[in-house]
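One structure, as structure tokens, below. Some questions next.
Start at 1 with the first residue, then count along the sequence.
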Amino acid sequence: GKIAIKPQFDWAGNFSEGQVEVEIAGKCGYIDKTGKIVIKPQFKEASGFSEGLAAVRNDGVLVYIDRTGKIIWNPGNQDGN
């Protein structure tokens with residue numbers, strides 16, 4: 001019943017794999033369970049993590065990132081990177 005993370009986001013999803021997607025000023029990023037930003041808000045859209053990956057989108061381009069924010073898979077790239 002206590003506030004664990006100070007309300008400071010325009011929107012927040014549900015925690016999955018220790019992180020949650022949040023929106024600040026129209027950009028999406030990720031925080032941990034303490035409220036610390038672990039992937040800075042930089043995406044137009046973001047999904048929750050599943051099996052260590054999350055789908056994010058900027059300018060219509062969908063890519064998959066790991067829990068550090070590194071692009072792991074770009075389905076639009078011929079070589080898969």
### Query
Quick check: does any side chain N or O of N58 sit under 3.5 Å from a backbone N or O of K44, one acting as donor and the other as acceptor?
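Side chain of N58 to backbone of K44: a pair is present.
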### Query
Rounded to the nearest 0.5 Å, how far does CZ of F49 lie from CD of E21?
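That separation rounds to 8.5 Å.
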### Query
Taking all atoms of both residues into account, what is the closest heavy-atom pair of L62 and A55, and its distance?
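Closest pair (atom of L62, atom of A55, distance): CD1-CB, 3.7 Å.
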### Message
If we ignore hydrogens and angles and just use 3.5 Å, is the side chain of D59 paired with the main-chain N or O of V61 as donor and acceptor?
### Response
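No, the answer is negative, given that no donor and acceptor are paired below the 3.5 Å cut-off.
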### Task
Show your working on side chain to side chain contact (heavy atoms under 4.5 Å, CB included) between I39 and I65 and close with a plain yes or no.
CA-CA 10 Å; I39 300 173; I65 61 171; 4.0 Å; yes
### Task
Using the test ring-ring contact (aromatic ring centres under 6.0 Å, His included), find all partners of Y64 that sit at least two apart in sequence or belong to another chain.
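Here the qualifying residues are W73.
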### Query
Does N74 reach the main-chain N or O of V63 with its side chain, forming a donor-acceptor pair under 3.5 Å?
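No, because the side chain of N74 does not come within donor-acceptor range (under 3.5 Å) of the backbone of V63.
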### Task
Kindly write out the residues that satisfy salt bridge (Lys or Arg N to Asp or Glu O under 4.0 Å) with E17, not counting sequence neighbours, or none if the list is empty.
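Listed in chain order: nothing, the list is empty.
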### Query
Looking at A54 and S47, what are the two nearest heavy atoms and their distance?
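Closest pair (atom of A54, atom of S47, distance): CB-O, 3.5 Å.
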#### Entry: Point-to-point distance, once rounded to the nearest 0.5 Å, from CZ of R67 to OG of S16
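One gets 8.5 Å once the value is rounded to the nearest 0.5 Å.
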### Task
Could you list who else is in V20's hydrophobic cluster, with ILVMFWY side chains joined at under 4.5 Å, directly or through other members?
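Members alongside V20: I5, F9, F15, V22, I24, I31, I37.
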